[in-house]
Engineer: 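One structure, as structure tokens, below. Some questions next.
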Protein chains: 2
Amino acid sequence: MTIRDVAKSAGVSYQTVSRALNDKGEIDGTTKQRVLDAARELGYRPSRFARGLVRQDSTSIGLVIPDLMNPFFTEVASAALVAARRRDWHVVVYDTADDPAQEQRTLAVIGSQVDAIVGYLSLPDDVIDRHTTGLPVVHIGRSTSGAHTTAIHVDGEEGIHAAVAHFARTGRHRIGMLDHEDRHGPSLRRTWFQNAMTNHDLKGTVVAAGQSIDGGQRAMVTILDTQPKLDALLTYNDVIAIGAMRTARHLGRRIPEDLAVIGFDGLHIGTMVEPPLSSVWIDTQKLGTTAIDQVEHLLAGEDPEPVTIRASLLLRGSA
Amino acid sequence: MTIRDVAKSAGVSYQTVSRALNDKGEIDGTTKQRVLDAARELGYRPSRFARGLVRQDSTSIGLVIPDLMNPFFTEVASAALVAARRRDWHVVVYDTADDPAQEQRTLAVIGSQVDAIVGYLSLPDDVIDRHTTGLPVVHIGRSTSGAHTTAIHVDGEEGIHAAVAHFARTGRHRIGMLDHEDRHGPSLRRTWFQNAMTNHDLKGTVVAAGQSIDGGQRAMVTILDTQPKLDALLTYNDVIAIGAMRTARHLGRRIPEDLAVIGFDGLHIGTMVEPPLSSVWIDTQKLGTTAIDQVEHLLAGEDPEPVTIRASLLLRGSA
DNA sequence: TTGAAAGCGCTACCAC
DNA sequence: GTGGTAGCGCTTTCAA
């Protein structure tokens, strides 16, 4: 089913069909209608490839996310979609399920579908490079490598320092942290935490937690076992914090009276729990928007500086 | 920057470049390496359009969602992404922000980007048809119209009947509902609710609520004003329920003792609140997966029957 | 207003 | 193993 079939059916040349379909001026009204009718009749649809080939417009961006079900990434994706729409760009979303094999498969096919990539990549530089030569890439939360590439960093240091300072100021000194169970060792957030603690001449207990409500619940049991008098808690992210708060309450701790809790991410869902979750807040809106901005620069052939998004303390109720 | 530039740079014909790039057999190892090096050097990248035009493979699906930040749609989208990946399909996501104008713009451009559409469309049939002739469409939660089209319906009737029956069985008789503030009048869910109430010879109070935590909070104030002795509440969705629970508690109601609450959707986030939210559960996993299945049928030229997903009562703690 | 011809960048099928 | 030629479906000149 091509443009020629429509032409035949309408009794005109295929160029005329093109004119009718693209609403060009130079065409007789009756002819145009006849062509349009024929096209509708046949259920004709122009090939997006042929059209894209000759028109050379229409940009699409590949958005690579580790887990759409994690509200943090949903917020980023949502902001990116809005920013892309403003430019009439299309966004192809890939969820790698936080799995290197899936990420590899994504990388292998994404190149033939999009004009640029933005998102969270975790494979080694050389693997990424091999699949993305010539393709602009905006990395989030990871340093950059090679040409046509830039990065957006999330700096939580100030935010976490503010959180620890808040704990100290409100008389909390038995402070713990529930970190991420990471294959790559202790997280940056944990380092920031420990630096902040050192600044206050404090030493904190750190326990690893799975990145889920359940992970938070389990880790909370562990940390309270080690340190029953814990009076303040920072977590790797909000989801862990929510799980931790639930368990803490079941174990008889009032929040924030007995135990102050501060999460990380500052998600909207933090307002849904009781008390509302205080958190080191990342502006996901800005993160997603900036990512698309950076793509635009890359696409324009520029070599933009990496951008840093700074997290800040957002007090809601749990601390 | 085309394949010919690479050919020139490597000193071969452009067909040979194609062979090298596509890993075809019939090529000398040295030549191949030379071509690959030249390509890398130049940052060459094959045109996805030219390639798609001649290869005629690679399918991409347009997923149209009213609001990615609503966890319900996130769950559906997530499932659809998984199902699409299994078939090596690419998914282009469009968030219409629940806005007819944005939906219209989406429809206008989506046709030249994807091979099929699946999702939530709210414009009138004729508008949709005009933009999607020849394009397969899988509608979710809406009846179908025209060829190359099918639908997936969500039937919450049984689930809501079960919810009301549960209320009645546990001795609750002052039952209210927080419905969706809809431009199109009372929702289907409200009709189901009222039918169920009639079955039990009960009459419920219904109040409209905005689709957000805040909407739920406000509507809760209103309904308790009208009916201070309310002892059971059904809501249009889980987000509204969560807002309602918060306000109810602030107004001195214990949940579920004084007020039993059942939401609708059965979202994961319902487990994050205290007490965990009971809900009429929709299998979003199945919904997303089935949607992609239906696309596959449509793409194969079949004319699949509409599918119905039945919601069921999921008791967690709030009722 | 319409038709003919060129060409977008690529792969595939021939020859050589 | 390599180059020539055709052609994917379309838009866009250029003539008629």
Side-chain angles (χ1 to χ4, degrees), chain A residues 1-40 42-60 108-115 133-135, chain B residues 1-40 42-60 108-115 133-135:
Chain A
M1 167 63 49
T2 82
I3 199 174
R4 290 158 212 273
D5 298 312
V6 180
K8 209 165 297 171
S9 163
V12 295
S13 74
Y14 67 86
Q15 297 86 341
T16 300
V17 176
S18 173
R19 271 188 280 261
L21 258 32
N22 292 288
D23 232 357
K24 295 287 179 188
E26 337 153 300
I27 186 174
D28 181 85
T30 328
T31 315
K32 178 169 169 182
Q33 196 50 53
R34 188 154 37 95
V35 171
L36 259 26
D37 289 346
R40 170 135 323 169
L42 297 173
Y44 166 77
R45 175 145 286 273
S47 149
R48 59 196 169 97
F49 295 115
R51 189 168 260 182
L53 181 56
V54 64
R55 286 221 289 234
Q56 312 248 135
D57 51 2
S58 106
T59 307
S60 59
V109 298
I110 197 173
S112 56
Q113 291 290 322
V114 303
D115 304 300
T133 32
L135 240 203
Chain B
M1 167 63 50
T2 81
I3 199 173
R4 290 159 212 270
D5 298 312
V6 179
K8 209 164 299 172
S9 164
V12 295
S13 73
Y14 69 94
Q15 298 85 342
T16 300
V17 176
S18 174
R19 270 188 280 260
L21 258 31
N22 293 287
D23 232 358
K24 296 285 179 189
E26 334 152 303
I27 185 175
D28 181 85
T30 328
T31 315
K32 179 169 169 181
Q33 197 50 54
R34 187 153 39 94
V35 170
L36 258 27
D37 288 347
R40 170 136 324 168
L42 297 172
Y44 165 77
R45 174 146 287 273
S47 148
R48 58 196 170 97
F49 295 115
R51 190 168 258 184
L53 181 56
V54 62
R55 286 222 289 235
Q56 312 249 141
D57 50 2
S58 107
T59 305
S60 58
V109 298
I110 197 173
S112 56
Q113 290 291 322
V114 303
D115 304 300
T133 32
L135 240 204

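Order of the sequence lines sets the chain letters (A, B, ...), proteins ahead of strands, with each chain counted from 1.
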Engineer: So do A:Thr59 and A:Val114 actually touch side chain to side chain, heavy atoms under 4.5 Å?
Structural biologist: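 Answer no - side chains too far apart.
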Engineer: Which whole-number value in Å describes the distance from A:Met1 CE to D:dC8 C1'?
Structural biologist: 16 Å
Engineer: So, OP1 or OP2 of D:dG3: does either fall under 4.0 Å of a side-chain N or O from B:Thr16?
Structural biologist: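 Looking at the OP1 and OP2 atoms of D:dG3, one of them is under 4.0 Å from a side-chain N or O of B:Thr16.
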Engineer: B:Asp28 CG to D:dG3 C1': how many Å, rounded?
Structural biologist: 15 Å
Engineer: Using the closest heavy atom to pick a nucleotide of DNA chain D for each, name whichever of B:Arg34 or B:Leu53 lands nearer the 5' end.
Structural biologist: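 That would be B:Arg34.
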Engineer: In terms of the nearest nucleotide of DNA chain D, which residue is placed more toward the 5' end: B:Ser13 or A:Thr2?
Structural biologist: B:Ser13
Engineer: Okay, side chain of B:Asp37, backbone of B:Arg34: is any donor-acceptor separation there less than 3.5 Å?
Structural biologist: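 Not a single qualifying donor-acceptor pair exists.
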Engineer: Measuring to OP1 and OP2 of C:dG9, would you say a side-chain N or O of B:Ser47 lies under 4.0 angstrom away?
Structural biologist: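 No.
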Engineer: Rounding to a whole Å, what distance do you find between A:Asp5:CG and D:dC8:C1'?
Structural biologist: 14 Å
Engineer: May I ask you to evaluate whether A:Thr31 reaches the phosphate of C:dT2, defined as a side-chain N or O under 4.0 Å from OP1 or OP2?
Structural biologist: yes
Engineer: Take atom NZ of B:Lys8 and atom P of D:dG3, then tell me their distance rounded to the nearest Å.
Structural biologist: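 One finds 14 Å between P of D:dG3 and NZ of B:Lys8, rounded.
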Engineer: Which is true for A:Ile27 with a 4.0 Å heavy-atom rule: it touches a base, it touches only sugar-phosphate, or it touches nothing?
Structural biologist: sugar-phosphate
Engineer: Closest heavy-atom contact between A:Leu21 and A:Leu36?
Structural biologist: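 For A:Leu21 and A:Leu36, the tightest heavy-atom pair comes out as CD1-CD1, 3.8 Å.
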Engineer: Using a 4.0 Å heavy-atom cut-off to protein, can you give one letter per nucleotide of nucleotides 11-16 of chain C, 5' to 3': B if the base is in contact, S if only the sugar-phosphate is, - if neither?
Structural biologist: BBB---
Engineer: For B:Arg48 and D:dC10, what is the distance between atoms CZ and C1' respectively, to the nearest whole Å?
Structural biologist: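 Those two atoms, CZ and C1', are 16 Å apart.
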Engineer: A:Asn22 versus A:Arg55: any side-chain heavy-atom pair under 4.5 Å?
Structural biologist: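 Yes, side chains in contact.
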Engineer: Got a donor-acceptor contact below 3.5 angstrom from the A:Arg45 side chain to the B:Gly111 backbone?
Structural biologist: yes
Engineer: Rounded to whole Å, how long is the line connecting atom CZ of B:Arg4 with atom C1' of D:dG4?
Structural biologist: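 Rounded to whole Å, this separation is 12 Å.
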Engineer: Who pairs with A:Ser58 by side-chain hydrogen bond (donor to acceptor under 3.5 Å, both in side chains), at least two apart in sequence or on another chain?
Structural biologist: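 side-chain hydrogen bond (donor to acceptor under 3.5 Å, both in side chains) list for A:Ser58, sorted by chain: B:Gln113.
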